[in-house]
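By convention here, the first residue in the shown sequence is residue 1. What you see below is based on every heavy atom in this structure, not just the backbone, and it leaves out hydrogens, waters and symmetry mates.
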Amino acid sequence: MFRVRAENVNREFHYANAAKRFAQDAKMLRCRAAVHVENKDDVVFWNTILKHFQPEDKFHFISGSRNEYGHETSGVTQCLKYLNFLSPDFFICIDSDYRYLLHERKINVRHYVFQTYTYSFENHHCFAEGLNEVCCRVTRLKNTIFDFCKFLKDFSNILYNLFIWHLYFQNVSPACFSQFEFDSYISLANSKAYPLVHDNGARALDELRHRVDWKVGYLGRKYPKADLEGVKKKYLKMGLTPDNVYLFIRGHNLYDLITLVSKEVCKAILRAEKRNKEVTREMVNELYRNRNSLDFQLRQNIKYGAYLPIRKIEDDIRFFFGKN
């Protein structure tokens with residue numbers, strides 16, 4: 001008992017001191033605050049968001065820190081170890097995962113925690129209404145090949161009931177329908193014979209619908225007393241609808257899918273342009289070189305004010321910096 005208490009005291013002492021040191025470092029660097037994020041990939045997203053609304057401020061970003069055993073550590077678990085030692089001078093920015101949907105305690109701006117409200121920051125980069133512009137910037141041509149808004153709306157509607165089942169079990173018994181199992185439904189088939197971009201992804205979405213309908217039917221038969229309507233009403237109040245499920249599923253999987261689709265769309269646009277006799281070989285070569293900027297252009301896809309999760313981040317920033 002005494003040893004456990006001693007370890008807890010040492011742990012608290014370690015993170016309290018580290019939090020003070022980070023805040024002091026930020027002041028020495030003439031930054032508004034120190035910001036601990038999950039890893040290096042998160043820095044660009046959060047710096048972009050904060051600078052958009054606080055253009056006069058600089059922030060000292062920390063993408064990893066030493067744990068209580070002295071090991072350099074990153075990730076959301078490490079960020080949350082500072083939860084009791086945050087302040088206006090040192091706060092954390094994390095992916096929500098399911099924390100927002102599951103109402104995890106203290107994960108809010110009043111406790112100096114900024115979150116994505118989507119599953120992760122990658123979901124924001126996949127916001128449907130900006131993806132057409134992404135392909136246009138990469139190819140410098142109009143996209144008449146693929147409707148991203150329709151595709152992600154159809155994708156979301158297919159997954160909606162299965163996602164509701166998944167959230168239901170997250171609250172009552174996660175092992176019955178794990179995240180690993182749910183995430184296996186996110187990927188879509190793509191091949192030369194049946195490319196994803198053909199007919200706006202209809203074939204791949206039909207295959208997904210078939211798999212999802214079977215699983216939803218199975219769960220309905222096995223758990224007939226599950227109150228799914230209550231679950232739907234609960235999450236509707238939080239912004240989850242049949243049309244925007246893609247914003248709340250695992251962001252890394254979604255980003256990989258959208259990257260794959262976007263690459264195929266860009267290739268299709270370039271092939272169509274190549275058939276235009278007015279286009280020279282050098283113009284085509286330049287277009288193909290430009291397609292390598294796809295990941296960079298996707299990372300620029302942030303549509304402020306356009307949908308609920310990004311507006312909630314904006315509200316958090318106004319609250320936090322207005323108060324501090």
Can you give me the closest heavy-atom contact between V134 and L294, atom names plus distance?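 In terms of heavy atoms, the two residues are closest at CG1-CD1, 3.8 Å.
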Is the side chain of [X] donor-acceptor paired with the backbone N or O of [Y] at a distance under 3.5 Å, no angle test?
{"X": "H111", "Y": "L83", "value": "no"}
{"X": "N157", "Y": "K153", "value": "yes"}
{"X": "S96", "Y": "R99", "value": "no"}
{"X": "N301", "Y": "F127", "value": "yes"}
{"X": "D89", "Y": "A23", "value": "no"}
{"X": "N171", "Y": "L167", "value": "yes"}
{"X": "Q300", "Y": "F296", "value": "yes"}
{"X": "D147", "Y": "N200", "value": "no"}
{"X": "R311", "Y": "G305", "value": "yes"}
{"X": "S120", "Y": "D95", "value": "no"}

Is the ring pair F121/H125 parallel, tilted or perpendicular, if the boundaries are 30 and 60 degrees?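 F121 and H125: perpendicular rings.
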Students often mix this up, so state it plainly: with edges at 30° and 60°, are the rings of H166 and F163 parallel, tilted or perpendicular?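 The arrangement is tilted - the two ring planes meet at 30° to 60°.
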Distance check, rounded to the nearest 0.5 Å: [X] atom [atom1] versus [Y] atom [atom2]?
{"X": "I164", "Y": "L219", "atom1": "CD1", "atom2": "CG", "value": "12.5 Å"}
{"X": "W46", "Y": "F91", "atom1": "CH2", "atom2": "CZ", "value": "9.0 Å"}
{"X": "R250", "Y": "D97", "atom1": "CZ", "atom2": "CG", "value": "9.0 Å"}
{"X": "S293", "Y": "R299", "atom1": "OG", "atom2": "CZ", "value": "13.5 Å"}
{"X": "Y246", "Y": "C126", "atom1": "OH", "atom2": "SG", "value": "8.5 Å"}
{"X": "S65", "Y": "H36", "atom1": "OG", "atom2": "NE2", "value": "3.0 Å"}

Within 45° cone and under 6.0 Å: K215 NZ/CZ vs F177 ring: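 Yes.
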For the ring pair [X] and [Y], is the centre-to-centre distance below 6.0 Å?
{"X": "F90", "Y": "F22", "value": "yes"}
{"X": "H124", "Y": "Y307", "value": "yes"}
{"X": "Y98", "Y": "F248", "value": "no"}
{"X": "Y119", "Y": "H252", "value": "no"}
{"X": "Y117", "Y": "Y100", "value": "yes"}

Audit row: F180, F182, ring pair (Phe, Tyr, Trp, His ring centres under 6.0 Å) steps and yes/no: CA-CA 6 Å; F180 178 81; F182 174 79; over 10 Å; no
Can we say [X] and [Y] salt-bridge, meaning some charged N sits less than 4.0 Å from an Asp/Glu carboxylate O?
{"X": "R318", "Y": "D315", "answer": "yes"}
{"X": "R209", "Y": "D206", "answer": "yes"}
{"X": "K312", "Y": "D316", "answer": "no"}
{"X": "E207", "Y": "R211", "answer": "no"}
{"X": "E264", "Y": "R271", "answer": "no"}

Would you find more than 12 non-hydrogen atoms of other residues, nucleotides or ligands less than 6.0 Å from Y304 atom OH?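 It does: Y304 OH has more than 12 such atoms within range.
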Is the number of heavy atoms from other residues, nucleotides or ligands under 6.0 Å of K51 NZ greater than 12?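 Atom NZ in K51 is crowded, with more than 12 foreign heavy atoms closer than 6.0 Å.
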Given the rule in the side-chain hydrogen bond (donor to acceptor under 3.5 Å, both in side chains) test, do K232 and N161 qualify, once you have shown the distances and angles that lead to the verdict? CA-CA 9 Å; K232 289 179 181 179; N161 286 325; 3.1 Å; yes
Could you check D183 against N253 for side-chain hydrogen bond (donor to acceptor under 3.5 Å, both in side chains), going step by step and ending with a plain yes or no? CA-CA 8 Å; D183 288 347; N253 297 57; 5.0 Å; no
